[in-house]
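Each remark here refers to the structure printed beneath this line.
Side-chain atoms are counted along with the backbone in the values below, which use heavy atoms only and exclude waters and symmetry mates. Keep in mind the model is a prediction, meaning the values are calculated, not measured.
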Amino acid sequence: MVFRQALGLPEQRRNTMLITHGTLITMDTPNEIIPDGALYIEGEQIADLGSSAELEARYPAAERLEAAGRLILPGLICAHTHFYGAFARGMALPGEPAANFPEILEKLWWRLDRALWPDDVHASALVCLVDAIRHGTTTLIDHHASQGSIGGSLDRIAGAVEQAGVRACLCYEVTDRDGEAAARAGMMENARLIRLARERQSRGDYHLAATFGLHASLTLSDETLTRCVELAGQLDTGFHLHVAEDKADVRDSLRKSGLRVVERLKKAGVLGPKTLAAHCVHVDRIETEMLLDSGTMVVHNPRSNMNNAVGTADLPWMLQIGLPVGLGNDGFSNNMFTEMAVAYLLHKQASGDPRTLPADLVVRMQWAHNARIARTFFPALGERFGQLAVGAPADIILVDYDPPTPLTAGNLPWHLLFGVDGTGVDTTIVAGRILMRGRELLTLDEEAIMARARELAGRLWQRI
């Protein structure tokens, strides 16, 4: 498809916009559905909302964007992903297939990230951002590794984020698996981008954030953890890391320290309200209480956990005790509607109880919990981030869906899980700027990006 500034809409940010004649779903508490609803955008924020008749009368001169009966929703958030994983799609590896999670890391992911060059980092990020915009994912929290090209790698991703127009929080995963020099380079890459992102936010640019990345307990020595905690303390930041994704992480932690993974991380000073713990599949209930008491945020990644056969997190218990667990994709597609549906089904199958993890809890994870996580990294966006409300950031998607049964605030979660999919996203807006309209990308040249990605991925595969 030829890249164009489509449908007569200019690429630059609009000053005002009136979106009319859609089914407006606020995702507020309580949630409200406004049939034939409208919202008015000024600059980067939602300035008004209500019925189309009311807002058309109130803003007769405003530029219109016709929703044509589509759902009007807050943009989706992905709380844990890996952009660089895009270049693993279809990659054939020699030898026997990986039989367990440590072999998956050694045979696939660690070989891939060592082979990445700067252009690969940039191109793979663009591939994922095309996918995000197409599926209505407007904010992403990425966890990067390119052990053969560490310094400046986050700049390559930040450039792609800026080009796309989405919001993203970035980090580099520090690990000891390639030696002390590489571990130190990862620390410095985190520190550098944290400072850069804060400087940009101080100037009112809330598209980029950064935190301090760690790989996982099983590839981090006590000495490296100590250095990272000291540096993060100087930067007043937390961490983004994998926690007890597989039993191998637990075995390694017990062997190193005599402690389970969360216990070891607590002792090292890693936990806290600015730390994001991905997976937490193999944590016991004492560890779960430690996560809750420390304020540590948790992200569930159901498709990845199923794919790697690592087990099923005790998500119902985490939610029951009050952990605001979010939803990520761990590098799978940025169709977060699919991630919601898989989470809904996985826990019923795992428990043998169809009452496990009802749809309203899954929807709460995606919108309320993910927004709470994202606000940790974008505090200036305010408490209404992730909602359609006056004063909220204008991160909005329009989604094709013609409900075959009545749609109400009470039954909305079941409509979203059983009837709506990211492939139905027609329009994606971030900070009041239209990134896609009529399924036409306005900020990214998808055809050129995919052609370049195929070229670079082919070369990368030859190096592995």
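For R184 and E180, the salt-bridge test passes: some basic side-chain N is under 4.0 Å from an acidic carboxylate O. Under the 4.0 Å criterion applied to side-chain N and carboxylate O atoms, E455 and R452 are assigned as salt-bridge partners. With respect to R177 and D113, a salt bridge is recorded, a charged nitrogen being found less than 4.0 Å from a carboxylate O. Residues R192 and D155 are paired through a salt bridge, judged by an N-O separation under 4.0 Å between the basic side chain and the carboxylate. Ion pairing between a basic and an acidic side chain is recognised when a charged N comes within 4.0 Å of a carboxylate O; E263 and K267 show no such pairing. Using a cutoff of 4.0 Å between basic side-chain nitrogens and carboxylate oxygens, D236 and R198 are not scored as salt-bridged.
Rounding to the nearest 0.5 angstrom, the gap separating the CZ atom in R463 from the CG atom in D120 is 5.0 Å. For the atom pair CG (L361) and OG1 (T356), the distance works out to 10.5 Å, reported to the nearest 0.5 Å. Note: H240 NE2 to T275 OG1 = 10.5 Å, rounded to the nearest 0.5 Å. Atom NE2 in H282 sits 8.5 Å away from atom OG1 in T312 (nearest 0.5 Å). For the atom pair L315 CG and C280 SG, the distance stands at 10.5 Å (nearest 0.5 Å). Distance check, rounded to the nearest 0.5 Å: CG of D395 to CD of Q45 gives 10.5 Å.
Side-chain contact between F239 and C228: present, with at least one pair of heavy atoms (C-beta onward) separated by less than 4.5 Å. No side-chain heavy atom of T211 sits less than 4.5 Å from a side-chain heavy atom of L276. Looking at L73 and V399, their side chains come closer than 4.5 Å, going by heavy atoms from C-beta outward. With contacts defined as side-chain heavy-atom distances shorter than 4.5 Å, the pair M436/R134 qualifies. Within the 4.5 Å cutoff, no side-chain heavy atoms of M290 are placed close to those of L265.
Within 6.0 Å of atom CE in M306, 12 or fewer heavy atoms from other residues, nucleotides or ligands are found, so the atom counts as exposed in its surroundings.
A donor-acceptor pair under 3.5 Å is absent between the side-chain atoms of N301 and the main chain of S304, judged by distance alone. No donor-acceptor distance shorter than 3.5 angstrom exists from the side chain of D131 to the backbone of V127, with no hydrogens or angles considered. Side-chain N or O atoms of D249 include one that pairs as donor or acceptor with a backbone N or O of L218 at under 3.5 Å. With R167 contributing its side chain and Y206 its backbone, the two residues share a donor-acceptor pair below 3.5 Å. At least one donor-acceptor pair closer than 3.5 Å links the side chain of R264 to the backbone N or O of S217. Of the possible donor and acceptor atoms, one in the side chain of N190 sits under 3.5 Å from a partner among the backbone N and O of G213. For H369 (side chain) and V362 (main-chain N/O), no donor-acceptor pair under 3.5 Å exists by modelled atom type. Checking side-chain atoms of N370 against main-chain N and O of I77 turns up a donor-acceptor pair under 3.5 Å.
Each of Q147, H143, H144 was evaluated against Y172; a single residue qualifies, Q147, per the side-chain hydrogen bond (donor to acceptor under 3.5 Å, both in side chains) test.
Scanning both residues, W109 and G85, for their nearest heavy atoms gives CZ3-CA, 3.7 Å. Closest of all the heavy-atom pairs between E189 and L154 is OE2-N, 2.9 Å.
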Expected list for residues 88-104: side-chain donor-acceptor pairs under 3.5 angstrom, two or more places apart:
unit_1	atom_1	unit_2	atom_2	d
N100	OD1	E103	N	3.0
E103	OE1	A99	N	2.9

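Ring geometry for H279 versus H242: interplanar angle under 30°, hence parallel rather than tilted (30 to 60°).
No hydrogens or angles considered: a donor-acceptor pair under 3.5 Å links the side chains of H82 and D330.
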